[in-house]
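Being a predicted model, the structure only gives us computed values, none of them experimental.
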Amino acid sequence: MSPAAANIALQIRQLRKAYGALVAVDSLDLEVHTGECFGLLGPNGAGKTTTIEICEGLLDPDSGSVELLGRDWRTQARELRELLGIQLQETTFSEKLTVFETLALFRSFYQRSAEVPELLRLVQLEEKRDARVGKLSGGQKQRLALACALVGDPQFLFLDEPTTGLDPQARRQLWDLINQLKSGGRTILLTTHYMDEAEKLCDRVAIMDHGRVIALDTPRKLIASLGVEHLVEYATEGAPLAPAVLQQLRGVRAVSTVGEVTQLQVAELHQTLPALLDKLAAQGAQLTELRTHSATLEDVFVSLTGRHLRDE
């Protein structure tokens, strides 16, 4: 194996999957490097779940290829299952089993596996060793699901929205654990609807829409590609200011509208905001909403597609 090939943990080439007239994945090309945390982002219906399920061996593509850890699902499925860990959006466990019994059960599925006490320590569930699964909190169940994904000591981890529904403290505990796993040399493919999560955890991210990758780079470079530092979002009663008028305000780089909210991409917030307020006052427009924030990955997506990442 060449050094270049050894650095690629997942290689997707011309992947396609359709359900009747609906093309879920459209000639997709993608690579995930060994040892990185790679984020796959996009709104519902973008093709993320279908892509992930094909990579996990749960779906067969119509055409194209997936090479995972140098192996192919068509000929090396058994070997691949020993090398992967998968955490789904929702995992249903037997609520009558204890945490220890659950991990021991999953451990029995693998030829090589981690020790249960070590897994409990890793996900900080040692004190819940003998607790029934049905008595665990949401965050504890998510950590148990991650422990089950790690039980086979996998080289490659699929984490599908691992922190959805968790409170902020539980989310950050899982962030720390995911960073620890990445530091240990594991390759991680992460899907999430939380943009702060992707920015904190991912070395690179790909944004999907309509079955294709429309942007791919590090979070910092994707945000920098906007060419702006801040976003101003506002809404008013009555007719909004015309985009041509807004475009003339000092510091404005781009103008867009999402529903009733007007968004300005701004390079110089301290100059644009007073000018905007003066213009609205001159027109007699009454503000109903006004927000400013630094540019984020979600702003990149809105700029590319006109939709928010959490749109259904």
Side-chain angles (χ1 to χ4, degrees), residues 30 33 36-44 46 48 168 171-172 175 179 190-210 212-312:
L30 199 63
H33 300 157
E36 75 173 333
C37 181
F38 187 93
L40 193 59
L41 313 179
N44 292 334
K48 304 188 308 297
R171 284 181 64 209
R172 291 187 178 277
W175 288 4
N179 276 324
L190 172 78
T191 70
T192 180
H193 274 135
Y194 298 112
M195 293 305 98
D196 57 337
E197 186 162 282
E199 290 181 39
K200 292 285 187 183
L201 298 178
C202 297
D203 300 293
R204 294 187 303 144
V205 298
I207 297 176
M208 286 189 70
D209 197 25
H210 302 298
R212 290 177 174 269
V213 170
I214 59 174
L216 192 159
D217 214 323
T218 65
R220 184 181 298 273
K221 288 182 178 179
L222 283 174
I223 294 169
S225 71
L226 283 174
V228 299
E229 295 181 6
H230 300 279
L231 280 295
V232 176
E233 296 176 335
Y234 77 93
T236 62
E237 291 183 353
L241 293 175
V245 174
L246 294 168
Q247 193 74 58
Q248 294 174 2
L249 296 178
R250 189 167 182 177
V252 173
R253 296 291 180 266
V255 179
S256 60
T257 302
V258 180
E260 297 180 352
V261 175
T262 299
Q263 184 185 80
L264 310 180
Q265 296 183 15
V266 174
E268 299 169 320
L269 180 64
H270 66 288
Q271 295 180 336
T272 302
L273 194 55
L276 172 64
L277 295 176
D278 288 344
K279 188 68 70 173
L280 290 171
Q283 183 175 292
Q286 183 175 348
L287 279 170
T288 57
E289 295 182 43
L290 178 63
R291 297 184 295 273
T292 67
H293 62 270
S294 299
T296 66
L297 282 177
E298 182 150 0
D299 298 317
V300 175
F301 191 83
V302 172
S303 176
L304 290 169
T305 71
R307 291 191 289 163
H308 286 276
L309 281 161
R310 294 189 67 83
D311 283 350
E312 293 295 328

Value rounded to 0.5 Å, distance of NE2 in H293 from CG in L269: 11.0 Å
CZ on R171 to OG1 on T192, rounded to 0.5 Å: 7.0 Å
Value rounded to 0.5 Å, distance of NZ in K200 from CE in M195: 14.5 Å
Validation row: L249, V266 side chains within 4.5 angstrom (heavy atoms): no
Candidate pair T262 and T236, rule side-chain contact (heavy atoms from CB on, under 4.5 Å), full reasoning: CA-CA 9 Å; T262 299; T236 62; over 6 Å; no
Least distance between heavy atoms, L201 atom then L190 atom: CD1-CD2, 4.0 Å
Contact list for residues 271-284, test side chain to side chain donor-acceptor pair (under 3.5 Å), sequence neighbours left out: R250-Q271
K48 side chain to M208 backbone, donor-acceptor under 3.5 Å: no
Minimum side-chain heavy-atom gap T292-H230 below 4.5 Å: no
Straight-line distance of E199 CD to L222 CG, nearest 0.5 Å: 10.0 Å
Donor on one side chain, acceptor on other, D203 and H33, under 3.5 Å: no
Exercise: identify the closest heavy-atom pair between I207 and V300: CD1-CG1, 4.1 Å
Pair L290-L273, side-chain contact (heavy atoms from CB on, under 4.5 Å): steps then yes or no: CA-CA 10 Å; L290 178 63; L273 194 55; 4.3 Å; yes
Working for side-chain contact (heavy atoms from CB on, under 4.5 Å), residues L226 and R253: CA-CA 9 Å; L226 283 174; R253 296 291 180 266; over 6 Å; no
E289, CD: over 12 other non-hydrogen atoms inside 6.0 angstrom: yes
Derivation of the side-chain contact (heavy atoms from CB on, under 4.5 Å) call for Y234 and L241: CA-CA 11 Å; Y234 77 93; L241 293 175; 4.0 Å; yes
Contact check, side chains of V252 and V232, non-hydrogen atoms, under 4.5 Å: no
E229 atom CD: more than 12 heavy-atom contacts under 6.0 Å: no
Under 3.5 Å donor-acceptor, T191 side chain and L40 backbone: no
Shortest non-hydrogen contact between D299 and S294, atoms and distance: OD2-O, 3.7 Å
Heavy-atom pair of closest approach, residues G42 and H193: O-NE2, 3.5 Å
Minimum heavy-atom distance C202-F38, with the two atoms named: SG-C, 4.2 Å
From CZ (R212) to CG (L30), nearest 0.5 Å: 13.5 Å
Heavy-atom pair with the smallest gap, counting every atom of L246 and L276: CD2-CD1, 3.7 Å
